[in-house]
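Have a look at the structure below, then the notes.
Heavy-atom basis, side chains included; hydrogens, waters and symmetry copies ignored. Just so you know, residue 1 is the first one in the sequence shown, and it goes up from there.
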Amino acid sequence: MKEKNIDINKFFEEAKKGDMQSFIDKNLTPETKVKLNSILSDKRKTQEMLNTPQAKELMKKLTKGK
């Protein structure tokens, strides 16, 4: 199964509502979900991911106006 193209506006909408699990379930392959959950359950891996330029840019967009 191939990843769907993710609608970034829908992603931001779901993130703002705090409903990311539903978004993840609908838009990621089972393999990608396992990888993501593995990263999120490991504090060191999560920090590494959040320190990437892409994650920092995403966080800026998600927290814009707060």
Exercise for the section: Starting at CG of Leu36, measure out to CE of Met49 and round the result to the nearest 0.5 Å. Expected result: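 These two atoms lie 6.5 Å from each other.
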Exercise for the section: Supply the atom-to-atom distance Thr32 OG1 to Asn37 CG, rounded to the nearest 0.5 angstrom. Expected result: 11.0 Å
Exercise for the section: Find out whether Phe11 and Leu58 are in side-chain contact, i.e. whether some heavy atom of one side chain is under 4.5 Å from a heavy atom of the other. Expected result: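 With C-beta onward as the side chain, the pair touches.
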Practice task
Determine whether Ile39 and Glu48 make a side-chain contact, defined as any pair of heavy atoms from C-beta on separated by less than 4.5 Å.
Solution key: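 The answer is no, as the side chains (C-beta and beyond) never meet within the 4.5 Å cut-off.
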Problem - Residues which pass side chain to side chain donor-acceptor pair (under 3.5 Å) with Lys35, listed by chain and number, not counting sequence neighbours - result: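 Here no residue qualifies.
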Practice task
Applying side-chain hydrogen bond (donor to acceptor under 3.5 Å, both in side chains), run through Glu13 and Asn9 and close with a yes or a no.
Solution key: CA-CA 6 Å; Glu13 181 181 308; Asn9 292 322; over 6 Å; no
Between [X] and [Y], which heavy-atom pair has the shortest distance, and what is it?
{"X": "Lys56", "Y": "Asn51", "value": "CE-O, 3.5 Å"}
{"X": "Ile24", "Y": "Lys33", "value": "CG2-CG, 3.7 Å"}
{"X": "Met20", "Y": "Glu14", "value": "SD-C, 3.9 Å"}

Practice task
Assess whether atom NZ of Lys17 is packed by more than 12 heavy atoms of other residues, nucleotides or ligands within 6.0 Å.
Solution key: yes
Exercise for the section: Just jot down the salt bridge (Lys or Arg N to Asp or Glu O under 4.0 Å) partners of Lys45, sequence neighbours excluded, or say none. Expected result: none
Exercise for the section: Just grab all the ring pair (Phe, Tyr, Trp, His ring centres under 6.0 Å) pairs involving residues 29-50, residues at least two apart or on different chains. Expected result: none
Exercise for the section: Using the rule that two of Ile, Leu, Val, Met, Phe, Trp, Tyr join whenever any of their side-chain heavy atoms come within less than 4.5 Å, decide whether Phe23 and Met59 are in one cluster. Expected result: yes
